[in-house]
Amino acid sequence: MSDGSSFYITTPIFYVNDVPHIGHAYTEVAADVLARWHRQAGDDTWLLTGTDEHGQKILRTATANGTTPQEWADRLVTNEWLPLLKTIDIANDDFIRTTDERHEKNVQKFLQKLYDDGFIYAGEYEALYCVGCEEFKPQSEIVDGTGEYEGQKVCAIHSKPLELLQEKNYFFRMSQFADQLLALYEERPEFVQPESARNEVVSFVRQGLSDLSISRSSFDWGIKVPWDESHVVYVWFDALLNYATAVGYGQDEQNFARRWPATHIVGKDILRFHAVIWPAMLMAAGVDVPHQVYGHGWLLVGGEKMSKSKLTGIAPTQITDTFGSDAFRYYFMRAISFGQDGSFSWEDLSARYQAELANGFGNLASRVVAMVTRYFEGVVPQAGRYEDADFAVRQTVADAATAADAAIEKLAIHDAITAIWTIVDELNGYITAQEPWSLAKDEAQRERLATVLYTAAEGLRALAVLLSPVIPKATLKLWVALGAEDELGDLDDQPLRSAGEWGQLPAGTTVNGLEALFPRIDADAVPGA
């Protein structure tokens, strides 16, 4: 049972220089599944997402499109980023924009504190800068250009030429925190995960840290440095603070104490900002570091990282318009080991949709509801004496619920779904072996038929609860079809960690008709076919 503990989880705030692709949606869904799981388990859950709207890249993009940065950000948020949340069924509790007043004024408070405490100083800086990353690049991410960029230094991530910038900036004394960071990674090995991400971060910090340039004076699209308004705050220093300002840092300390610290879900390309710069900032301010930073892998298309700039971006609606939002959520959470790189293909999506969702889960649900309707006039029967096969189903349900919850605690979403799917496989095999259609022909087997169909219906009840964080639309339809809504209440209110306890669906419950949860899709309707 839950002890009501706080579970505050965040996605990165996404840059509004372009429209979202499935790489962004992948991160959103992962955080949402974790939030839904904890929320349904009774934890004091809060899911934050939002948009990053300052910086040179936004200024240049807006100028190129003949508008102001604020107008550009407003347009992208309204027309693209907020609709994305509806497209993939994200149940976020808050959406922060770095142009929100609640954010801007409290970034200035944070910065002023660091300045007053001696952690910020003025200096000159010259280095190669990537506008795409909004970062002065370390030597490890600078490569020689090829093709049209031959003879130039380019960003290893964006493959675009770097700009040599020389500015008078303000600097954060990040170099002072190397030993504290290394001690953090040693004492709390779970702080940065997965292990490959932790090793990368530890190696980076062991090489030594430089002080961080945290202001810009060559453009004015950003939050003003409070003691010198000729400078704006470096976009990453500004953006990272969203996780704190959104839950009350600087203005609602009671709520901040309730929510903080957070679990951050980020792509591995921005891991260093979250696992090095961010905790150093918090240490300097005397604020607790995050609970965890989890750097998941990249989505690969044709062997390359999902990217609009490289024309490998796929809009989420290209998938949801054909397969639906549940299939989108299920596919990316099941097909990719969370934390590792994963390749997307239309062929794999189509195959999994048909085999696992339509035939495996959807057909199972339809068959059971149809048989209860046909053989017991739509009323879930009272089970009789249980046999070994029935006990095996009960054990599978109990084990799956326990294993799934343990996997979620480790953020291993793919393992949680795999554990839950053992119930789908067990029930399909159980029905095949028990042959309720044959039992129905023999009145002497009436009690056995009742036991079989109660067992199958109760198994579906558990599946609806356990899968609801992943495929909320289909599970709600199943919940209603089982008549569970009338007997047990809303699906969202079902205690998730006790989902594996047997016998919760009352005998006598009236089932309703169930349309196909995952309808057949013609091959020629698949965009990549």
Side-chain angles (χ1 to χ4, degrees), residues 354-401 420-468 471 474-491 494 498-520:
Q354 189 61 39
E356 297 170 20
L357 291 176
N359 292 343
F361 177 56
N363 190 48
L364 168 67
S366 296
R367 292 170 74 197
V368 173
V369 171
M371 285 188 288
V372 171
T373 301
R374 181 176 180 182
Y375 302 137
F376 288 93
E377 298 180 336
V379 177
V380 175
Q382 178 70 52
R385 184 177 62 85
Y386 284 110
E387 298 181 358
D388 288 347
D390 315 317
F391 284 117
V393 173
R394 293 176 61 168
Q395 191 63 51
T396 296
V397 169
D399 291 347
I420 297 167
W421 221 255
T422 61
I423 303 174
V424 176
D425 294 337
E426 178 73 20
L427 285 176
N428 276 317
Y430 173 79
I431 290 171
T432 298
Q434 299 303 312
E435 298 184 335
W437 49 89
S438 296
L439 294 173
K441 297 175 182 177
D442 185 354
E443 188 61 31
Q445 296 292 330
R446 186 72 175 170
E447 180 181 322
R448 180 63 196 151
L449 176 63
T451 303
V452 169
L453 289 184
Y454 179 83
T455 298
E458 170 64 356
L460 286 180
R461 191 273 316 160
L463 278 174
V465 176
L466 292 167
L467 285 173
S468 60
I471 47 175
T475 49
L476 179 56
K477 290 177 182 177
L478 175 57
W479 192 250
V480 172
L482 287 173
E485 190 171 52
D486 294 332
E487 296 290 339
L488 300 175
D490 292 343
L491 177 56
Q494 301 310 301
S498 59
E501 295 177 5
W502 193 258
Q504 295 185 46
L505 183 65
T509 299
T510 301
V511 303
N512 305 292
L514 179 62
E515 61 184 71
L517 296 179
F518 297 96
R520 180 178 177 276

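All values reported here derive from a predicted model rather than from experimental measurement.
Within the 4.5 Å cutoff, the side chain of V368 has no heavy atoms near those of the L427 side chain. No side-chain heavy atom of D490 sits under 4.5 Å from any side-chain heavy atom of W479. Contact of the I431 side chain with the L364 side chain is registered, since non-hydrogen atoms from C-beta on lie closer than 4.5 Å. Put simply, the side chain of F518 does not reach to within 4.5 Å of the side chain of E356, judged on heavy atoms.
Under the 3.5 Å distance criterion, the side-chain polar atoms of Q494 are left unmatched by any main-chain donor or acceptor of A499. With D425 contributing its side chain and T422 its backbone, the two residues share no donor-acceptor pair below 3.5 Å. The backbone N or O of A516 sits nowhere less than 3.5 Å from a side-chain atom of S366 that would complete a donor-acceptor pair. A donor-acceptor pair is defined here as one N or O able to donate and one able to accept, closer than 3.5 Å; such a pair exists between the side chain of Q504 and the backbone of S498. Here the side chain of N512 pairs a donor or acceptor atom with the backbone of V480 at under 3.5 angstrom. Although no hydrogens or angles enter the test, the distance criterion places no donor-acceptor pair under 3.5 Å between the side chain of R461 and the main chain of W502. Proximity of a side-chain donor or acceptor of Y454 to a complementary backbone N or O of L505 within less than 3.5 Å is detected. Between the N428 side chain and the G360 main chain, a donor and an acceptor come within less than 3.5 Å of each other.
Remark: E515 pairs with K477 by the salt bridge (charged side-chain N to carboxylate O under 4.0 Å, His left out) rule, at least two apart or across chains.
Closest approach of I423 and G459 over heavy atoms only: CG2-O, 4.2 Å. L478 and A464 make their closest contact through CD2-CB, 4.1 Å (heavy atoms, listed as atom of the first residue, atom of the second, distance).
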Requested in this report: Test F361 against L467 for side-chain contact (heavy atoms from CB on, under 4.5 Å), laying out the working first.
Outcome: CA-CA 11 Å; F361 177 56; L467 285 173; 4.1 Å; yes
Report task. Could you walk me through whether D486 and T510 pass side-chain contact (heavy atoms from CB on, under 4.5 Å), step by step? Result -> CA-CA 9 Å; D486 294 332; T510 301; over 6 Å; no
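A donor atom on one side chain and an acceptor atom on the other are found under 3.5 Å apart for Q434 and R448.
Judged by the 6.0 Å and 45° rule, R446 forms a cation-pi pair with F376.
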